[in-house]
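The next block holds one structure in the form of structure tokens; read it before the comments.
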Amino acid sequence: MTENSDRDDASFFSRGWVVASPMLERLGLARARRRLVAGLRGTVVEVGADSGVTFEHYPPEVTRVVAVEPDPHLRAYARRRAARTAGEAGAGTSIEVVDAVAEALPLADGEADAVVFGLVLCTVPDVPAALAEARRVLRRGTQERPGAQARRGPQERPDAEDRPGGEIRLLEHVRAPGRLGRFADRIAPVWGHVGGGCRPNQDTEALLAEAGFDVAALQTRPFPPVVPLMPMLTGSSQPVGTYAL
Ligand SMILES: C[S@@+](CC[C@H](N)C(=O)[O-])C[C@H]1O[C@@H](n2cnc3c(N)ncnc32)[C@H](O)[C@@H]1O
């Protein structure tokens, strides 16, 4: 397949997704998106922003969203939506829609308070590279290295208050167990071809753990009622073992 026909496939998929996603919003995705970004603050990177469907859900404490979208068709939609969102009453969030990919985020080390992955890790070609990039751009925490308290002695206090590091937020469809998972395995080649490269049978939790993220608090929910977009892996996760002190 040539580069150009790849681009045509992506564009065919992106046009279809813009039409299909409002139906999924009504099936509960809109609520899930609100949960996805609830409680975030500061600078947020949204990976694969699509047409900007999540923009309206950011809380006012988020001051800047860097919305990464490689597809020019979807990027144009997202830019229009960013302009509309900025015009809404009370919207104090600046939204920059940029031409970039998850595997090479246009941010400095430690610049982001959060990285948001919504229905995108199933499509990103190199997931380990994308997760390494997320880890690179996340703000480091100020928690101490294990053993620091013991070395310091019980009476002494650390100089600074502990501050948690940045987090990733996830709303990702993953391979189901049992029959549904086997069904996803069977349809994966065709699904990927018509679905812009989407992998319906990806074990995203395992990839996160391999990339050094703490997956203990993530949940797998039987949602939405659309095969093979069910179940969804949701929640917040932080890199394990990044210490600033
Ligand atoms: C299924 S769409 C949905 C994304 C959207 N966040 C949502 O919640 O509806 C997947 C998106 O990932 C984008 N994408 C594909 N490969 C990517 C990559 N390597 N880096 C960033 N985004 C990518 C696509 O252009 C598309 O916008």
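Each ligand, and each atom within it, is numbered from 1 in the order the structure gives. Numbers here are sequence positions counted from 1.
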Exercise. Hey, are E133 and R135 close enough for a salt bridge, meaning a charged N less than 4.0 Å from a carboxylate O?
Worked result: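 No, this pair does not count.
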Exercise. Is the side chain of R169 donor-acceptor paired with the backbone N or O of F117 at a distance under 3.5 Å, no angle test?
Worked result: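 Checking the backbone N and O of F117 against the side chain of R169, no donor-acceptor pair under 3.5 Å is found.
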For this session: Any salt bridge (Lys or Arg N to Asp or Glu O under 4.0 Å) involving residues 28-54? Give me the pairs, sequence neighbours left out, ordered by first then second residue.
Result: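 Passing the test, one end in residues 28-54: E25-R33.
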Pairs under 3.5 angstrom only: tabulate donor-acceptor contacts from the side chains of residues 104-111 to other protein residues two or more places apart or in another chain.
| from | atom 1 | to | atom 2 | distance (Å) |
| --- | --- | --- | --- | --- |
| D109 | OD1 | R136 | NH1 | 2.8 |
| E111 | OE1 | A108 | N | 2.7 |
| E111 | OE2 | R64 | NH1 | 2.9 |

Problem set entry | Spacing of L24 atom CG and R26 atom CZ [to the nearest 0.5 Å] |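 The CZ atom of R26 is 9.5 Å from CG of L24, to the nearest 0.5 Å.
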Exercise. Using a 4.0 angstrom limit on heavy atoms, which residues are close to ligand 1?
Worked result: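 Answer by chain and number: W17, R33, V47, G48, D50, V53, E69, P70, D71, L74, V101, A102, E103, G118, L119, V120, T123, V124, P125.
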Exercise. Residues in ring-ring contact (aromatic ring centres under 6.0 Å, His included) with Y77, at least two apart?
Worked result: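 Y77 satisfies ring-ring contact (aromatic ring centres under 6.0 Å, His included) with H73 once adjacent residues are dropped.
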